[in-house]
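Here the structure is a predicted model, which is why all the values come from computation and not from measurement. The residues of the chain are indexed from 1 along the displayed sequence. In what follows, every heavy atom counts, from backbone to side chain, and hydrogens, waters and symmetry copies are set aside.
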Amino acid sequence: SMSQPRQSRALVIVNTDFRSSDGDVTLGTRNGAKREAEKLSTTLSRLNYEVKLMHNKTAKEIEDLYQQECCCEHGEYFVSIISSHGEEGVIFGCDSKPVKLTRIFQILSSKKCPALTKIPKIFFIQACRGHEFDQGVVVECDSGVREPDGFSDYLSIPPQTVVMFACSPGYVAFLNISGSMFLQALLKVLEGEERHLALNRLMTRINWEVAFYCQARGTYEGCKEMPCFVTNLLQEVFPFSA
């Protein structure tokens with residue numbers, strides 16, 4: 001009999017409570033993020049992923065989790081969702097220490113990890129990438145300062161890797177009690193018929209959902225968010241068409 005193909009793996013990391021080394025509360029609590037991560041994990045399981053959901057991990061523990069993936073048996077895809085506080089090119093552990101995204105990509109594409117090097121690695125990152133608020137309008141910039149494109153300076157992604165961010169470089173990503181605009185849109189797409197689309201089309205669909213349906217309420221009334229993705233895949237893939 002044919003052996004079952006190996007299940008694809010998914011690693012979901014959600015940090016909601018942040019302390020410094022001396023135990024002080026540093027960054028704000030991310031209400032709504034945990035429940036959202038649990039829903040995404042359930043949905044990925046339904047789509048036949050073997051899901052590992054981790055809550056409140058330090059920077060070191062986060063690196064270790066990716067290091068452990070190198071020793072696992074892998075299926076056709078590797079998916080990872082990270083939900084935390086962040087800055088450009090960086091996400092924060094619950095100890096408020098930074099983890100460089102390039103470090104994570106390095107771990108997964110190292111020579112030590114041939115099983116992972118070959119397969120598409122797909123990241124969805126819900127975290128701020130700076131402190132700017134997106135008012136949803138285009139403003140002329142004539143300061144003569146080269147705008148970072150966010151990819152060349154901070155983010156060289158290895159082959160067979162796709163990264164989708166909640167927001168553009170330099171900007172804030174929003175989270176409210178019911179969750180984040182970006183991961184809610186991802187959830188909606190994974191639960192709907194759009195999950196059968198090729199990955200680049202699926203991500204464009206998420207862009208559309210967030211751009212048209214979401215705007216911040218309360219303090220940041222009317223502010224928008226524009227996700228963006230960068231991909232180094234050379235072929236169309238259908239990772240959620242289970």
Side-chain angles (χ1 to χ4, degrees), residues 10-15 30 32-33 36-37 39-40 43-44 77 79-92 101-102 104-105 120-139 147-157 161-176 178-217 220-233 236-240:
L11 174 60
V12 181
I13 299 172
V14 55
N15 284 345
R30 300 181 61 252
E36 170 177 84
K39 282 188 184 161
L40 279 160
T43 299
L44 285 169
Y77 304 102
V79 170
S80 192
I81 298 173
I82 304 174
S83 177
S84 187
H85 281 299
E87 271 171 17
E88 187 54 64
V90 162
I91 50 130
F92 289 108
L101 293 174
T102 45
I104 292 173
F105 304 147
K121 292 160 287 293
I122 304 158
F123 287 85
F124 296 95
I125 298 176
Q126 166 60 42
C128 293
R129 304 179 67 189
H131 309 285
E132 298 291 323
F133 290 99
D134 189 339
Q135 305 296 340
V137 292
V138 179
V139 289
E147 290 289 295
D149 62 9
F151 300 131
S152 52
D153 298 352
Y154 306 104
L155 187 64
S156 50
I157 66 166
T161 303
V162 178
V163 187
M164 185 166 196
F165 291 99
C167 55
S168 305
Y171 284 93
V172 166
F174 292 106
L175 180 78
N176 58 34
S178 59
S180 62
M181 295 180 187
F182 172 57
L183 292 183
Q184 291 297 315
L186 171 61
L187 190 62
K188 182 175 170 182
V189 164
L190 293 185
E191 286 176 343
E193 285 306 300
E194 295 100 336
R195 71 176 188 278
H196 298 299
L197 294 172
L199 183 61
N200 58 329
R201 293 189 58 201
L202 181 137
M203 293 188 299
T204 302
R205 179 70 203 198
I206 293 169
N207 278 354
W208 187 85
E209 287 283 340
V210 175
F212 286 97
Y213 285 117
C214 302
Q215 52 182 13
R217 294 189 287 276
Y220 306 112
E221 186 73 61
C223 280
K224 303 289 273 184
E225 181 176 302
M226 189 66 234
C228 58
F229 57 88
V230 56
T231 173
N232 243 341
L233 291 185
E236 289 216 305
V237 297
F238 299 84
F240 306 112

Checklist entry - Is Phe240 close to Thr43 at the side-chain level, that is, under 4.5 Å between some pair of heavy atoms? => result no
Item to check | Exercise: identify the closest heavy-atom pair between Glu194 and Leu202 | outcome: O-CD1, 3.5 Å
Checklist entry - Using the ring of each side chain (for Trp, its six-membered ring), is Phe123 parallel, tilted or perpendicular to Phe105, with breaks at 30° and 60°? => result perpendicular
Checklist outcome for this item: Rounded to the nearest 0.5 Å, the CZ atom of Phe124 sits from the CG atom of Leu183 at a distance of 9.0 Å
Checklist entry - Passes side chain to side chain contact (heavy atoms under 4.5 Å, CB included), Glu236 versus Asn200? Steps please. => result CA-CA 8 Å; Glu236 289 216 305; Asn200 58 329; 3.5 Å; yes
Item to check | Audit row: Ile91, Ile125, side chain to side chain contact (heavy atoms under 4.5 Å, CB included) steps and yes/no | outcome: CA-CA 9 Å; Ile91 50 130; Ile125 298 176; 4.1 Å; yes
Checklist entry - Taking all atoms of both residues into account, what is the closest heavy-atom pair of Arg30 and Ser83, and its distance? => result NH2-OG, 2.8 Å
Item to check | Heavy-atom check, side chain of Val230 versus side chain of Ile157, under 4.5 Å | outcome: yes
Next on the checklist: Test side chain to side chain contact (heavy atoms under 4.5 Å, CB included) on Thr204 and Phe229; report intermediate values, then the result.
Outcome noted: CA-CA 9 Å; Thr204 302; Phe229 57 88; 3.7 Å; yes
Checklist entry - Do side-chain atoms of Ser80 reach the backbone of Leu11 as a donor and acceptor pair under 3.5 angstrom? => result yes
Item to check | Leu101 vs Phe165 side-chain heavy atoms within contact, under 4.5 Å | outcome: yes
Next on the checklist: A side-chain contact here means heavy atoms from C-beta on lying under 4.5 Å apart; do Asn207 and Met164 qualify?
Outcome noted: yes
Next on the checklist: Less than 4.5 Å apart, side chain to side chain, heavy atoms only: is that true for Leu187 and Leu190?
Outcome noted: no
Checklist entry - Hey, is Glu209 close enough to Arg205 for a salt bridge, meaning N to O under 4.0 Å? => result yes
Checklist outcome for this item: In this structure, CZ of Arg201 is separated from NE2 of His196 (nearest 0.5 Å) by 13.0 Å
Checklist entry - Do Ser84 side-chain atoms and Phe92 backbone N/O form a donor-acceptor pair below 3.5 Å? => result yes
Next on the checklist: side chain to side chain contact (heavy atoms under 4.5 Å, CB included), that's the test. Do Val162 and Val237 meet it? Break it down for me.
Outcome noted: CA-CA 11 Å; Val162 178; Val237 297; over 6 Å; no
Next on the checklist: Please report the interatomic distance NE2(His85) to CD(Gln126), rounded to the nearest 0.5 Å.
Outcome noted: 10.5 Å
Next on the checklist: Between Met226 and Val210, is there a side-chain heavy-atom distance shorter than 4.5 Å?
Outcome noted: no
Checklist entry - With a 4.5 Å heavy-atom cut-off, do Ile82 and Ile104 have their side chains touching? => result yes
Next on the checklist: So, taking the atom named OG1 in Thr161 and the one named NZ in Lys121, what distance separates them when rounded to the nearest 0.5 Å?
Outcome noted: 4.5 Å
Checklist entry - Thr231 versus Leu199: any side-chain heavy-atom pair under 4.5 Å? => result no
Checklist entry - Between Pro169 and Cys228, what is the shortest heavy-atom contact and its length? => result CD-SG, 4.3 Å
